[in-house]
Amino acid sequence: MSSINTPLTGEDATKSMSTRETIHSYPRFLWKALGVATDGSWLFYGWMTLLTAIALVGANAWAVQVRDGMVLTNMSDHVSWGLYIANFTFCVGLAAGGVMMVIPAYLYDDEEMHHLVIIGEAVAIAAILMSTLSVVVDLGRPDRFWHLMPIIGKFNWPMSMLTWDIIVLNGYLVINVHIVGYLLYMQYLGKRPNPWWYVPFVFLSILWAISIHTVTAFLYCGLGGRPFWNTALLAPRFLASAFVSGPAFILIVLRAIRMTSDWKWSPRPARTLIQIIRISMAINLLMLVSELFTLFYTGSGHAASAKYLFFGSHGASGLVVWIWTAIGLNIAGTILFFTPAALRRGNLRILACVLCIAGIWIEKGMGLVIPGFIPSTLHEVVEYAPSLVEWKITAGIWAFGMLVLTILVKLIEAIHAKRLSPSNSHAL
Amino acid sequence: MKTMGKHGLSRRLSCLIVVALLCGCGKMSSSTTLTQEPAGSDATLAESTETETAVQHTATIRKPPPVLGAVFRVEVTGTNATSYEGHLQCAACHSLRSSNPDNSKSSHLDEFHQGLRFSHGQLSCVSCHNPGDNYSSLRLADGKTIPFEESITLCAQCHGPQYRDYERGAHGGMTGYWDLKRGDRVRNHCQHCHDPHVPNYPKFYPAAAPQDRFQPSHGKEGASHDH
Amino acid sequence: MTTNPATHLPVLDNQPNSRRGFMKACGATLGLAAWATALKPLTEWAADMNVDEFLQKHYRELKPDEKQAIFRRLEADCKAEHGVDVKIADPQPNDGVQFAYALNLSICIGCRKCAEACSIENNHDRKTNNSYIRVFEMEMGGIDFEKGDATYDHPVPQPDKFYMPVQCQQCENAPCVKACPIEATWQEKDGIVVVDYNWCIGCRYCEAACPYHARRFNWEKPTIPAEEINPNQGYLSNRIRPQGVMEKCTFCLHRTREGRMPACLEACPTGARVFGNILDPQSEIRWVIENKRTFVLKEELGTKPRFYYFFDE
């Protein structure tokens with residue numbers, strides 16, 4: 001596993017720096033990176049301003065929610081998790097999906113994918129941040145966040161699945177920040193990255209990506225009192241849908257980079273991703289069908305949530321529209337992905353990506369988290385639809401995630417294009 | 001509906017009632033009748049105690065409340081329909097007048113105890129009330145006489161399982177200490193919940209329903225209307 | 001990986017004079033101001049809090065004198081906020097005592113007196129008429145909550161129904177305790193599952209984990225008229241809860257650990273409720289479990305409830 005990650009020019013490769021110098025020039029790297037990250041076209045400034053504005057609205061809504069209480073959300077003792085945790089679940093999947101570039105690149109030595117794999121990791125970083133924020137805004141007492149930290153707080157590990165989730169999510173964040181940071185920095189210095197410094201972490205990140213989504217699924221399926229979640233198929237389903245939404249999101253990011261920069265690559269990496277999406281989506285739909293079959297054919301009381309979700313029950317049908325929309329989007333997206341046109345660079349591919357992302361967002365969030373609570377454990381039907389505050393905060397989280405992603409991608413692109421290097425005096 | 005003869009009898013009885021009430025006043029506190037306490041007031045602790053075994057503290061049974069169904073009306077005048085309610089010693093009337101053992105339903109009671117609600121299986125008055133004692137006591141099935149305040153024994157003749165549960169603390173409301181080593185306990189009497197004449201627990205409106213967020217308030221049928 | 005513009009602002013003078021740099025600095029200043037404004041409600045919220053409260057340790061790590069200081073602080077807070085003198089006690093589990101509860105479904109009439117008493121005893125939010133007990137009106141013929149209704153509002157008991165109050169089952173194998181990421185909820189020696197309201201972060205994972213809908217969340221600060229505040233409070237039980245934390249039935253441990261009956265039992269007019277020490281062979285609860293055909297809710301989940309239901313034969 002000594003494949004070269006980045007193309008090196010002869011001049012750069014001959015440069016040699018001591019470890020000491022390497023470390024010492026790191027603040028300068030960050031400083032220059034800041035300059036690059038805040039430099040751009042009017043389109044860039046417009047985009048960043050828009051995202052900042054949305055993030056501000058979200059931050060304000062959150063601050064008000066903390067002050068006045070979670071009563072501002074539409075959650076209740078019956079439906080005690082809502083949009084935040086739904087979004088959290090999706091974002092974890094998105095993060096796990098980032099690994100779908102890493103696997104072909106490193107396990108199958110796909111040379112071209114190697115050049116782009118760092119974008120998948122950047123998506124993973126942004127997605128992990130979004131999922132962490134989604135949990136933070138769901139806390140009734142964010143001021144007590146330190147209770148969650150090992151050693152200084154009280155960490156109910158290994159009993160609580162949530163502690164596992166905290167470990168794997170933070171671990172995944174650290175691993176990806178390390179890999180991305182190291183590779184970018186080496187590329188910035190024009191040095192060949194030392195495989196010992198990142199390849200083990202890349203493999204770890206593959207395992208870890210699977211673990212974050214598995215543990216997130218265990219969070220739900222470990223609860224015996226919630227029959228709708230209490231299924232062994234949940235983790236595989238989560239992974240399958242993550243391997244659709246992740247690559248689909250990366251495809252959109254790749255398209256955005258191609259449209260806004262001079263970075264060029266062949267159609268192959270995207271085609272690999274589309275193959276992955278095709279297979280994953282088929283598996284995802286298959287598992288959905290077998291899940292529904294067991295629920296509805298046996299007709300046990302366990303089907304109560306599914307009945308509410310798909311058809312409504314006791315005169316309540318708040319999620320019916322959501323789930324059928326999700327199914328429609330997923331099927332339409334899948335069909336589009338299976339058409340030959342999806343392999344070409346065109347709007348159809350982007351449309352397919354958007355349909356699948358939206359479909360999976362609903363399926364995993366509003367279609368999975370919410371019906372687990374309806375009917376309640378004592379079979380009371382209390383419905384839920386997110387409040388304006390919840391929408392604002394969730395939008396703010398996405399805006400923040402996109403801000404981070406934009407900056408990361410901008411750096412990646414700038415370093416790739418050598419606009420950011422020790423010799424380049426670009427700064428603020 | 002009433003004949004003149006009955007009115008005459010009523011007048012004589014009304015005098016008796018007044019006398020009886022006046023006499024009864026002095027006896028109120030030690031009276032043996034079930035209806036000695038004014039209705040509505042909270043029953044105080046009874047003197048009679050039933051001690052549980054091997055503990056310092058006791059479980060006492062609250063004094064039974066008045067049996068509302070037993071309050072009877074006597075029409076005092078023929079022209080004025082005002083009815084008169086009073087509590088008096090059973091013997092006040094029953095020493096003068098023998099009872100009619102055929103009266104087993106409240107609808108049969110066309111002279112006295114009118115309006116008495118009675119719905120207690122196939123029982124008749126004398127199943128429990130003791131005619132041999134001018135009705136001043138109760139009578140067990142084996143003919144043994146027992147005072148009114150020991151009515152629990154009478155109930156237990158037929159309601160064995162309930163009595164057993166009651167004895168074991170598994171039937172009948174209570175307050176106080178679960179741990180009799182640390183404090184007393186006060187228990188309800190059968191009659192706190194069961195009027196002996198109409199022992200079925202009466203229907204009434206429950207305390208307010210929970211008002212959870214977004215919960216439709218009138219059962220599951222109306223769920224869709226509240227959203 | 002991302003860098004915070006704020007940390008770099010002061011070194012602006014390092015930079016060559018450029019209009020772009022100046023514009024960026026203005027933008028960053030503006031941005032910072034906007035963030036400060038957006039997050040301003042947080043400062044209003046933090047105004048009510050103090051450092052002691054923020055740094056307070058987990059209940060089980062507090063030393064006796066630290067506990068006393070906290071109880072006095074909470075009492076003072078209550079006095080300041082509601083003008084009510086309350087006493088916060090912290091009764092400990094009794095040796096040789098394991099609590100259990102049984103409920104006779106044959107004689108429960110569905111009057112909700114237990115739920116009402118719970119609300120008063122435990123200083124519940126009055127706006128929502130909160131209570132740890134939900135009474136279900138069930139259809140004869142089975143324990144089918146699907147056909148149950150907790151919001152009935154008509155005279156009880158209805159002839160073709162039976163009534164099933166549900167509250168915390170104080171499971172021996174409690175899913176909520178397992179779920180809590182920070183040990184803010186745990187099982188005490190006498191079997192009662194408690195919450196440290198000053199440690200809970202309000203993630204509501206326990207609420208999702210509970211199969212009995214026994215846990216409640218303080219969606220906002222509970223409101224209770226001062227004159228209705230129950231001044232006899234337990235730190236782990238009925239003290240007024242803060243906003244944003246979980247709460248649950250504690251079998252009224254501030255009463256029961258002192259030998260008294262729980263409030264719901266005392267309120268029950270029919271004696272459908274039986275409470276006591278399951279380790280005492282002479283206890284009423286023991287008699288019920290040994291002599292009645294009791295069952296527990298959702299036995300198949302393996303939660304091992306300490307709350308039993310039974311019917312008269």
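In what follows, chains carry the letters A, B, and so on, assigned in the order in which the sequence lines appear, proteins first and then strands, with residues in each chain numbered from 1.
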For chain A, which candidate among [options] shows the most heavy-atom pairs at distances under 4.5 Å?
options                   : answer
G31(C), C200(C), P175(C)  : C200(C)
E220(C), Q243(C), K298(C) : Q243(C)
T128(C), N198(C), N218(C) : N198(C)

Flag side-chain contact, heavy atom, 4.5 Å: R204(C) against I85(A): no
Give a yes or no on whether K161(C) atom NZ has more than 12 heavy-atom contacts from other residues, nucleotides or ligands under 6.0 Å away.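 Yes, because the 6.0 Å sphere around NZ of K161(C) holds more than 12 heavy atoms from other groups.
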Taking the inter-plane angle between the rings of W199(C) and W146(A) on a 0 to 90° scale, is it parallel (under 30°), tilted (30 to 60°) or perpendicular (over 60°)?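 Perpendicular: the ring planes of W199(C) and W146(A) meet at over 60°.
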Run the ring-centre check on W45(C) versus W62(A) and record whether the distance is less than 6.0 Å. no
Test of ring centre spacing under 6.0 Å for H58(C) and H147(A): no
Residue selection (most heavy-atom pairs with chain C, distance under 4.5 Å) from A304(A), A53(A), A55(A), A59(A):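 That would be A59(A).
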Counting only heavy atoms closer than 4.5 Å, note whether E300(C) contacts chain A via side chain, backbone, both or neither.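 Contact with chain A: none, neither part.
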Contact origin within T37(C) toward chain A - heavy atom pairs under 4.5 Å: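 Answer is backbone: N, CA, C or O of T37(C) sit under 4.5 Å from chain A.
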Any donor-acceptor N/O pair, K24(C) side chain to G35(A) backbone, under 3.5 Å: yes
Which region of M75(A), side chain (C-beta onward) or backbone (N, CA, C, O), has a non-hydrogen atom less than 4.5 Å from a non-hydrogen atom of chain C, or is it both or neither? both
Could you grab the distance from atom CG of N156(A) to atom OH of Y205(C), nearest 0.5 Å is fine?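 Between atom CG of N156(A) and atom OH of Y205(C) there are 11.0 Å.
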Once rounded to the nearest 0.5 Å, what's the spacing between atom OG1 of T377(A) and atom CD of E207(C)?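 Reported value, rounded in 0.5 Å steps: 9.0 Å.
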Is any NZ, NE, NH1 or NH2 atom of the basic residue among R215(C) and D77(A) found under 4.0 Å from an Asp or Glu carboxylate oxygen of the other? no
